[in-house]
Every structure is written in structure tokens, then in C-alpha cells.
Protein chains: 2
Amino acid sequence: MLQAGADIDKSETLTERQQAVLDAALRLLVEEGDNLTMTAVARRASCSKETLYKWFGDRDGLLTATVQWQASKVRVTPVDRKGLDLASLTASLERFASDWLKVISSDTSIALNRVAVGHAGSGKDDLGAIVLQNGRFALARRLKPVLEAGRQAELLDFEDAETAFRTFFGLVGRDVQIRLLLGDRVELTEATIGGDARRATQQFLALFGANNRP
Amino acid sequence: MLQAGADIDKSETLTERQQAVLDAALRLLVEEGDNLTMTAVARRASCSKETLYKWFGDRDGLLTATVQWQASKVRVTPVDRKGLDLASLTASLERFASDWLKVISSDTSIALNRVAVGHAGSGKDDLGAIVLQNGRFALARRLKPVLEAGRQAELLDFEDAETAFRTFFGLVGRDVQIRLLLGDRVELTEATIGGDARRATQQFLALFGANNRP
DNA sequence: GCACGGGCGTACCGTACGTTACGGTTCGGC
DNA sequence: GCCGAACCGTAACGTACGGTACGCCCGTGC
């Protein structure tokens with residue numbers, strides 16, 4: 001499977017300047033995709049290529065460092081399991097859905113997923129694993145406690161939290177991510193995201209709500 | 001949006017030899033990913049590079065021709081709308097789901113989607129549009145008549161066929177495609193595919209079955 | 001004041017690969 | 001049997017880019 005430890009906090013081992021360089025690389029990655037050159041990164045970051053190679057080894061090292069840097073930026077806000085009723089559970093789920101949709105439709109997420117998918121073919125680096133670890137799996141880690149709490153409060157009814165999560169994932173994302181990755185212009189305004197989040201949550205509750213099972 | 005006409009039948013305008021060359025290119029694409037070289041294709045297809053350039057213009061031309069060639073291979077078998085009852089509708093949906101899962105987990109689909117995603121960033125060609133047109137949109141074109149027939153037979157209840165389809169799409173695919181594209185080893189045996197197809201169909205019927213609405 | 005190390009800018013090297021050019025071979029038409 | 005066209009194999013060219021080396025500046029410690 002995927003190797004663990006791909007989501008270490010990088011902000012400690014990286015100096016301020018290095019973070020700035022990685023930010024520049026990230027911006028360039030969003031603009032240019034995988035065909036960004038080391039010279040371009042150096043120019044954008046106002047540093048020398050030699051420094052890039054000294055700090056990150058080679059091109060792949062720079063890329064993985066950039067992806068990990070972006071990954072380390074999103075911090076998890078834990079959810080409180082106190083006083084869970086249907087309203088707060090619904091709100092939580094909608095919140096997760098809307099956050100997730102916002103993430104996968106963001107420019108940086110699309111760019112990062114694009115390069116990771118491209119690199120996943122030739123297994124030179126673990127970009128795919130890193131992105132997966134900080135995307136889909138991070139979401140699962142955050143959402144599963146909520147689902148478990150919902151089950152404990154007898155609001156939800158499911159056997160396996162993993163499959164329940166995957167269903168929620170499918171109901172929220174549907175075809176959005178693959179369409180975006182393939183370059184389709186999906187209209188995702190704030191309003192449609194909110195609507196989709198509500199719809200997905202309602203469908204999920206219809207499938208896994210405790211009162212809906214005979 | 002996506003430009004139409006991306007799914008023309010290529011088998012008429014291509015000679016036998018050219019099809020063989022494209023098949024070789026396709027195999028190579030599956031093995032090597034996007035970093036296949038013109039020399040490699042020529043060697044594998046036992047043809048000269050000059051011929052490649054004469055026939056397909058340049059590297060991008062060869063790539064798009066290859067993708068279109070693979071796309072033209074899958075032919076649509078229309079579904080009969082006669083005598084639709086719940087059993088046959090369920091069977092149809094399960095069939096669609098299982099076919100779809102088989103497709104997106106196949107080596108060639110993964111490879112094709114990978115290169116298309118990679119190229120979608122820099123808009124040099126329309127690989128993304130082609131893949132989307134013959135993947136997700138082709139599935140919608142094939143499935144929507146079934147959904148409409150189900151509604152006409154009062155087995156299904158939905159307002160918009162598009163949103164109903166997208167829900168089905170999400171229930172079937174869930175996180176499978178993105179995980180595969182990112183290099184995660186998802187275990188997809190014949191059995192799990194069948195199980196997933198059944199589960200997705202049941203969930204879809206639970207959400208959109210006519211008898212489930214009060 | 002001065003050595004010095006880290007880092008910037010740039011010139012440079014090697015190579016991989018897209019693209020083109022060319023000689024040799026097969027094959028259909030006369 | 002001959003001609004030309006299509007095609008194969010390969011050599012050659014140009015370029016883009018990853019990676020390295022070198023000269024210079026500038027801040028810090030003595």
C-alpha cells in the first residue's frame with residue numbers, strides 16, 4: 001500500500017527562505033504544470049540553480065518538497081464529538097462536503113494532482129502517494145470519527161466506516177474531480193458548491209440514517 | 001465546453017498498417033506512460049520515424065491519433081427499452097456499473113487517463129476532451145436512456161436525468177479512479193467489482209426508486 | 001579591517017529527444 | 001524489365017533542459 005509518514009510537518013526543517021522558494025515553485029507549478037524548468041524556478045524565486053540543487057538534490061526532489069510543503073500547509077481542525085444531534089451532524093457533513101469540493105476545485109489542488117498523476121506512471125517518486133495521503137486519506141481520517149460518533153449517537157447506521165466514508169466521498173465528488181483534471185470547465189460557484197454539499201449530505205443520510213432502516 | 005465530434009470512427013480513414021502502428025503505440029503508452037519516444041514507437045511498430053511524421057504530423061499528432069484509435073474501438077451496444085420491470089432495470093444498472101468499473105481499472109484506461117490528465121494542463125492538444133468524451137460522457141449518453149425508460153415505467157423518480165446520472169456515477173466510482181490514477185494499488189477482483197456494482201445499484205434505487213418517495 | 005562561507009547570477013557541459021534528411025528495398029503498374 | 005512511390009533503417013541536426021562550475025557580492029565573526 002502507501003507508505004506512511006508522508007505527511008510530516010515540513011515547516012520545522014525548512015528555513016524561511018526555503019519556504020519562499022517552494023512557494024515560488026508552487027506558483028510556477030500551478031501556472032506551467034509539470035513542464036516547469038529548474039531555470040524558471042530559480043528565476044522566479046530569485047535564487048541560483050546551484051542553490052536549488054544543493055537544497056533539494058534534483059528536480060524530483062524539488063517537486064516532492066514542493067508537494068509536501070503544500071501538504072503541510074493545510075492543518076486539521078478536529079471536530080468536537082460533544083452534544084451530537086442530527087442538526088449538528090448534518091452541519092458537519094455539509095461542512096466537510098463543501099470544504100472538500102472547494103479543495104478539489106482549487107487551482108493548486110488541480111495542478112498538484114495533475115503532476116502527481118503524471119508521475120504515478122513511472123515510479124520515480126511518491127508524488128501520487130503524498131497527494132493521496134494528504135487528500136483522500138486525510139479526509140477519511142478527519143471524517144471517520146464524525147461518522148463513528150454519529151453511529152454511537154444512533155443517528156447513523158452502518159457496518160464499516162470505510163465503506164460508509166467511500167459512499168459519502170462518491171456522493172460529494174461524483175465526476176467533478178476527474179472532469180477538472182481532464183480540463184473540463186466545471187462551473188463551481190459558491191452557490192453550487194453549497195447546493196451540492198447539501199444534496200450529498202441528504203443522500204448520505206437517506207442511505208445511512210438510522211431511522212431510515214426498517 | 002468540450003468540442004463535439006471527438007469520437008469519429010477512425011477505422012475508415014486509417015489503413016490496416018496505420019492501425020497496427022497505433023496499436024503498437026498504444027501498447028507502448030501503457031508500458032512507458034507519457035515518456036515514450038518516437039524512436040521507441042518506430043522500433044516497436046517496425047516502421048520508420050519518417051513514416052510516423054508523414055502520417056501523424058508530430059508527436060502530439062501521434063498521441064491524439066492513438067487515443068482516438070483506442071476510443072473508436074469501444075462500440076456501443078444499445079439497450080432495449082421493451083418490457084422494463086424492476087428486475088431488468090436493476091440488471092441493466094448493475095451491468096453498467098460493473099462494465100464501468102472494469103473499464104476504469106483496466107491498464108489502458110489508466111494509462112490513457114494519465115497522459116490526458118498530464119496534457120490537460122498545457123492546452124496543446126485535446127487529449128483531455130477526447131478521453132472525457134469517450135469516457136464519462138459516453139457513459140452518460142448510454143445510461144441516460146435507461147434512466148429515462150425507468151422513469152417512464154414509473155420505476156424511477158427524478159427530475160433531472162443529468163443529476164441522477166452523476167449520482168449513479170459517484171456511487172459506482174467513488175474514490176476508485178483517482179486512487180488508481182495516483183498509483184494506489186486498489187484490489188479490484190471480479191468478485192469485488194460485482195459486489196460494488198450491486199451495492200451501488202441498490203443505493204441508487206434507494207435514492208431514486210419511485211416507491212421510496214412518500 | 002578582513003577572512004570566509006552562504007548564496008546569487010551566469011556561463012557551460014552532456015545528453016536525450018524531436019525532427020529532418022538520405023540511401024536502400026519492396027511493390028504495383030506499364 | 002523498368003519507374004516511381006511508399007516505406008524501412010539509420011545517421012545527422014538542433015534544441016531544450018538537467019546538472020555543474022566559476023566569479024562575485026554581502027553579511028557575520030574575529
Side-chain angles (χ1 to χ4, degrees), chain A residues 12-67 69 111 114-116 118-119 121-127, chain B residues 12-67 69 111 114-116 118-119 121-127:
Chain A
E12 309 203 344
T13 155
L14 289 177
T15 116
E16 197 70 35
R17 178 82 181 106
Q18 289 172 327
Q19 298 180 7
V21 169
L22 290 185
D23 273 328
L26 188 59
R27 285 201 309 277
L28 213 47
L29 202 64
V30 172
E31 299 171 18
E32 306 271 329
D34 199 1
N35 43 7
L36 80 164
T37 88
M38 297 296 275
T39 352
V41 173
R43 196 163 37 223
R44 176 70 69 98
S46 295
C47 75
S48 81
K49 282 210 287 178
E50 189 171 17
T51 312
L52 289 184
Y53 284 100
K54 178 182 298 184
W55 284 350
F56 307 108
D58 58 353
R59 189 174 184 276
D60 280 337
L62 173 67
L63 250 49
T64 57
T66 307
V67 174
W69 167 236
R114 285 222 178 105
V115 305
H119 280 229
S122 57
K124 301 203 311 177
D125 43 30
D126 326 315
L127 289 190
Chain B
E12 311 206 342
T13 156
L14 289 177
T15 115
E16 196 71 33
R17 178 85 180 99
Q18 288 172 328
Q19 298 179 8
V21 169
L22 289 185
D23 273 326
L26 188 60
R27 285 201 309 276
L28 213 47
L29 202 65
V30 172
E31 299 171 16
E32 305 273 328
D34 200 0
N35 42 6
L36 68 128
T37 84
M38 297 297 275
T39 343
V41 173
R43 193 163 38 223
R44 175 70 69 98
S46 295
C47 74
S48 82
K49 287 209 275 182
E50 188 174 17
T51 311
L52 289 184
Y53 283 100
K54 179 184 295 184
W55 284 350
F56 307 108
D58 58 353
R59 189 174 185 277
D60 280 338
L62 173 66
L63 250 51
T64 59
T66 306
V67 174
W69 166 236
R114 285 221 178 106
V115 305
H119 280 227
S122 58
K124 301 205 310 178
D125 43 30
D126 325 314
L127 288 190

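Both backbone and side-chain heavy atoms feed into the values below; hydrogens, waters and symmetry mates do not. Numbers restart at 1 for each chain; the letters A, B, ... are given by sequence-line order, proteins then strands.
Separating the CG atom of B:Leu63 from the C1' atom of C:dC17 is a distance of 14 Å, rounded to the nearest angstrom. One interatomic measurement links the two molecules: CD of B:Gln18 to C1' of D:dA6, which rounds to 12 Å at whole-angstrom precision. As a whole-Å value, the separation of B:Arg17 CZ from D:dA6 P is 16 Å. Rounded to an integer number of Å, the gap from OH of B:Tyr53 to P of D:dC13 is 17 Å. Across the protein-nucleic acid pair, B:Leu52 atom CG and C:dT20 atom C1' stand 13 Å apart, rounded to whole Å. Atom CZ of B:Arg44 is separated from atom C1' of D:dC8 by 18 Å (rounded to the nearest Å). Rounded to a whole Å, the NZ atom of A:Lys54 is 12 Å from the C1' atom of D:dA21. Taking atom CZ of A:Phe56 as the reference point, atom P of D:dG18 lies 15 Å away to the nearest angstrom.
Side-chain nitrogen and oxygen atoms of B:Thr51 include none within less than 4.0 Å of the OP1 or OP2 phosphate oxygen of D:dC7. Note on A:Trp55: every side-chain N or O is 4.0 Å or more away from OP1 and OP2 of C:dG6.
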Apply side chain to side chain contact (heavy atoms under 4.5 Å, CB included) to residues B:Asp34 and B:Leu63 and explain how you reach the verdict.
CA-CA 9 Å; B:Asp34 200 0; B:Leu63 250 51; 3.8 Å; yes
Stepwise, does the side chain to side chain contact (heavy atoms under 4.5 Å, CB included) test hold for B:Asp126 with B:Thr64?
CA-CA 8 Å; B:Asp126 325 314; B:Thr64 59; over 6 Å; no
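Rounded to the nearest 0.5 Å, atoms CG (B:Leu22) and CG (B:Leu28) are 12.5 Å apart.
Minimum atom distance to the side chain of A:Asp58 is reached by D:dG19, of the listed D:dC7, C:dG18, D:dG19. Closest to the B:Met38 side chain, of the nucleotides C:dC17, C:dT19, D:dC7, is C:dT19.
At a threshold of 4.0 angstrom between heavy atoms, the contacts of A:Leu36 are confined to the sugar-phosphate backbone, with no base atom among them.
Salt-bridge check for B:Asp125 with B:Arg59: failed, with every basic side-chain N at 4.0 Å or more from each acidic carboxylate O. B:Arg44 has a carboxylate O that lies under 4.0 Å from a charged side-chain N of B:Glu31, or vice versa, which qualifies the two as a salt bridge.
When every heavy atom of A:Thr51 is checked against every heavy atom of A:Ser48, the shortest pair comes out as OG1-OG, 2.8 Å. Across all non-hydrogen atoms, the minimal contact from B:Asp60 to B:His119 is OD1-CE1, 3.7 Å.
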Would you give a per-nucleotide map of nucleotides 9-15 of chain C, 5' to 3', where B means the base has a protein non-hydrogen atom under 4.0 Å away, S means only the sugar-phosphate does, and - means neither?
B------
